[in-house]
Amino acid sequence: MSMPLRQSIRLGGYLMKQKLRRREKFPILLELEPLYACNLKCAGCGKIQQTHDWLKQRMPVEQAVAAVEECGAPMVSIAGGEPLMHKEIDEIVRQLLARNKIVFLCTNAVLLPKHLHKFAPHKNFAWMVHIDGLRERHDQSVCKDGVFDEAVAAIKQAQAAGFRVMTNTTFFDTDSPQDVIDVLDYLNDDLKVDNMQISPGFAYEKAPDQEHWLGPEETRQLFRKAFGDGRRKKWRLNHSPLFLDFLEGKVDFDCTAWAIPLYSLKGWQRPCYLMDDGYVATYQQLLDETDWSTYGRGKDPRCANCMAHCGYEPTAVVATLGSLRESIRAAMG
């Protein structure tokens, strides 16, 4: 299955407007990082490697909302760090929903029970809980025992309170096709989350673990086997069919990282969420002053193993809307 119909219709209308305006580069989803601090020290993440001064900072509500309005993306993914450590994160969410944005609040869910009462269910809001495997695998990934059980309990609490809950799972070269199947079956059939997002891991330069990243061919083999026997069609995956084809190696795309920009405490990160080649003050500067032709697999050595959704999902989405056949396929799931 593909992304929810409401989300697809909203995105389709937005993309049509960009086409009519003849815009070549435009944002689809903004990655917003209002802080770097986190309550966990995950092996695959380098965010908490920031200096102590940066870890203490929190982005003001007005600054966060202004960045969203500046770029104009219809969807916002609030990440970090752990966003629930931001004392005004609920106000940021409320103001974005008031502006009719689709908001995903990313969290490891450890602090979710403590803060759930600050939020209200909304058709454009979903919790995005990081689940990197079943119990042993997930706890190993976050480098702390017991986190999987806490996350599952928090998900059930949020579901009982009427919230939409999604998950985000990253896979590494230590994962087998059966590992992929097991965790997606559990999230889909047992935990019954609304949608699931998946991605092959990318080698953050500052991540503690620099050894277990998937290469392109390893990624294709992993997902080709995991998606076999019709399993892909039953999972409520929050991706376009073409992006899932891309993961399997059925199609190939260029990276369009400008469509999912990152705005953090330091400004607009160049060129993308995964790589840090400096910062600029405005989204337009990011578009105009970044040499996008030098990034992507086959262009920059750092991009050689990247097949992450933040670079290739937007390419797949634009390709979907540019094809009647693929649009029908996406609508049918």
Side-chain angles (χ1 to χ4, degrees), residues 1-18 26-34 59 61-80 82-84 86 88-107 109 111-112 115-131 154-168 187 191-198 236-240 243 259-263 273 283 309-310 313-314 317-318 320-321 330-331 333:
M1 298 179 70
S2 56
M3 59 184 66
L5 184 58
R6 269 192 69 258
Q7 183 178 321
S8 298
I9 293 173
R10 174 81 177 275
L11 193 53
Y14 172 78
L15 293 176
M16 185 60 67
K17 289 180 181 178
Q18 308 314 308
F26 48 84
I28 292 177
L29 178 145
L30 170 63
E31 291 279 1
L32 178 67
E33 288 186 348
M59 186 181 294
V61 174
E62 297 76 16
Q63 183 180 344
V65 173
V68 175
E69 292 190 318
E70 177 192 345
C71 78
M75 300 186 291
V76 183
S77 176
I78 306 177
E82 170 51 61
L84 290 177
H86 192 300
E88 295 181 291
I89 193 62
D90 55 320
E91 182 61 26
I92 292 176
V93 169
R94 276 192 291 272
Q95 292 209 23
L96 295 183
L97 292 174
R99 289 162 173 78
N100 201 31
K101 301 298 180 181
I102 296 173
V103 180
F104 309 102
L105 183 52
C106 302
T107 176
L111 300 175
L112 184 53
H115 296 280
L116 190 63
H117 69 281
K118 299 177 183 177
F119 300 84
H122 191 285
K123 64 181 181 180
N124 287 334
F125 175 74
W127 297 100
M128 179 74 78
V129 180
H130 295 275
I131 299 289
I155 287 172
K156 291 179 178 178
Q157 182 178 344
Q159 290 172 323
F163 288 93
R164 291 185 65 242
V165 181
M166 302 170 63
T167 55
N168 184 16
L187 296 171
L191 203 52
K192 292 180 169 48
V193 299
D194 290 276
N195 291 101
M196 298 166 291
Q197 193 164 287
I198 58 177
R236 293 183 295 278
L237 295 170
N238 187 47
H239 294 289
S240 64
F243 178 71
I260 303 186
L262 168 67
Y263 184 76
Y273 177 68
Y283 176 65
H309 65 275
C310 60
E313 177 78 87
V317 168
V318 172
T320 297
L321 272 296

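No hydrogens, no waters, no symmetry mates; every other heavy atom, side chains included, goes into these values. As the structure is a computational prediction, the values presented were derived from the model and not from experiment. If you read the sequence from its start, that first residue is 1, and numbering goes on from there.
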Subject >> Flag if over 12 foreign heavy atoms under 6.0 Å of NZ, Lys118 >> reply: yes

Subject >> Spacing of Leu105 atom CG and Leu112 atom CG [to the nearest 0.5 Å] >> reply: 8.5 Å

**OP:** Report the C-alpha distance between Tyr263 and Gln63 in whole Å, list the side-chain angles of each, state the deciding distance to 0.1 Å, and finish with yes or no for side chain to side chain contact (heavy atoms under 4.5 Å, CB included).
**Re:** CA-CA 10 Å; Tyr263 184 76; Gln63 183 180 344; 2.9 Å; yes

Subject >> CA sep, side-chain torsions, deciding dist, call: Leu96, Ile78, side chain to side chain contact (heavy atoms under 4.5 Å, CB included) >> reply: CA-CA 11 Å; Leu96 295 183; Ile78 306 177; 4.2 Å; yes

Original post:
Nearest 0.5 Å, what's the CG-NZ distance between Leu32 and Lys101?
Top reply: 12.0 Å

**OP:** Taking all non-hydrogen atoms of both residues into account, name the closest pair between Glu313 and Ser240 and its distance.
**Re:** OE2-OG, 2.7 Å

**OP:** Find the distance between OG1 (Thr107) and CG (Leu84) and round it off to the nearest 0.5 Å.
**Re:** 4.5 Å

Original post:
Listed by chain and number, what are the side chain to side chain contact (heavy atoms under 4.5 Å, CB included) partners of Arg164, not counting sequence neighbours?
Top reply: Pro4, Ala126, Met166, Asp194, Asn195

**OP:** Would you please test Ile28 and Leu11 for side chain to side chain contact (heavy atoms under 4.5 Å, CB included) and show each step?
**Re:** CA-CA 8 Å; Ile28 292 177; Leu11 193 53; 3.5 Å; yes

**OP:** Calculate, to the nearest 0.5 Å, the distance between atoms SG and CD belonging to Cys106 and Glu31 respectively.
**Re:** 6.5 Å

**OP:** Could you pull out the closest heavy-atom pair between Val129 and Val165, with the gap in Å?
**Re:** CG2-CG1, 4.2 Å

Original post:
What orientation do Phe125 and Phe119 show, parallel under 30°, tilted 30 to 60°, or perpendicular over 60°?
Top reply: parallel

**OP:** Compare every heavy atom of Ala158 with every heavy atom of Leu116, then report the nearest pair and how far apart it is.
**Re:** CD2-CA, 4.0 Å

Without placing hydrogens or testing angles, list every side-chain donor-acceptor pair under 3.5 Å for residues 66-75, not counting sequence neighbours.
from: Glu69; atom 1: OE2; to: Arg99; atom 2: NE; distance (Å): 2.7
from: Glu70; atom 1: OE2; to: Tyr283; atom 2: N; distance (Å): 2.6

**OP:** Would you mind reporting whether Asn100 and Arg10 have side-chain heavy atoms less than 4.5 Å apart?
**Re:** yes

Original post:
Sub-3.5 Å donor-acceptor pair from the side chain of Gln159 to the main-chain atoms of Lys192, do we have one?
Top reply: yes

Subject >> side chain to side chain contact (heavy atoms under 4.5 Å, CB included) between Ile155 and Trp127, intermediate numbers included >> reply: CA-CA 9 Å; Ile155 287 172; Trp127 297 100; over 6 Å; no

**OP:** Identify the two heavy atoms, one from Pro121 and one from Phe163, that lie closest to each other, and give their separation to 0.1 Å.
**Re:** N-CE2, 3.4 Å

**OP:** Work out which heavy atom in His115 is nearest to a heavy atom in Leu111; give both atom names and the distance.
**Re:** CD2-O, 3.2 Å

Subject >> Reported CD1-to-CG distance for the pair Ile92 and Asp90, which is rounded to 0.5 angstrom >> reply: 8.5 Å

**OP:** Look up atom CG in Asn168 and atom CG in Leu187, then write down how far apart they are to the nearest 0.5 Å.
**Re:** 10.5 Å

**OP:** For Thr167 and Gln197, test the side chains for any donor-to-acceptor distance below 3.5 angstrom and give the result as yes or no.
**Re:** no

Subject >> Donor-acceptor pair, side chain of His239 and main chain of Ile198, under 3.5 angstrom >> reply: yes

Original post:
How far apart are the closest heavy atoms of Leu30 and Pro261, and which atoms are they?
Top reply: CD1-O, 3.5 Å

Subject >> Heavy-atom check, side chain of Ser77 versus side chain of Tyr273, under 4.5 Å >> reply: no

Original post:
Do the non-hydrogen side-chain atoms of Lys156 and Leu191 ever get within less than 4.5 Å of each other?
Top reply: yes

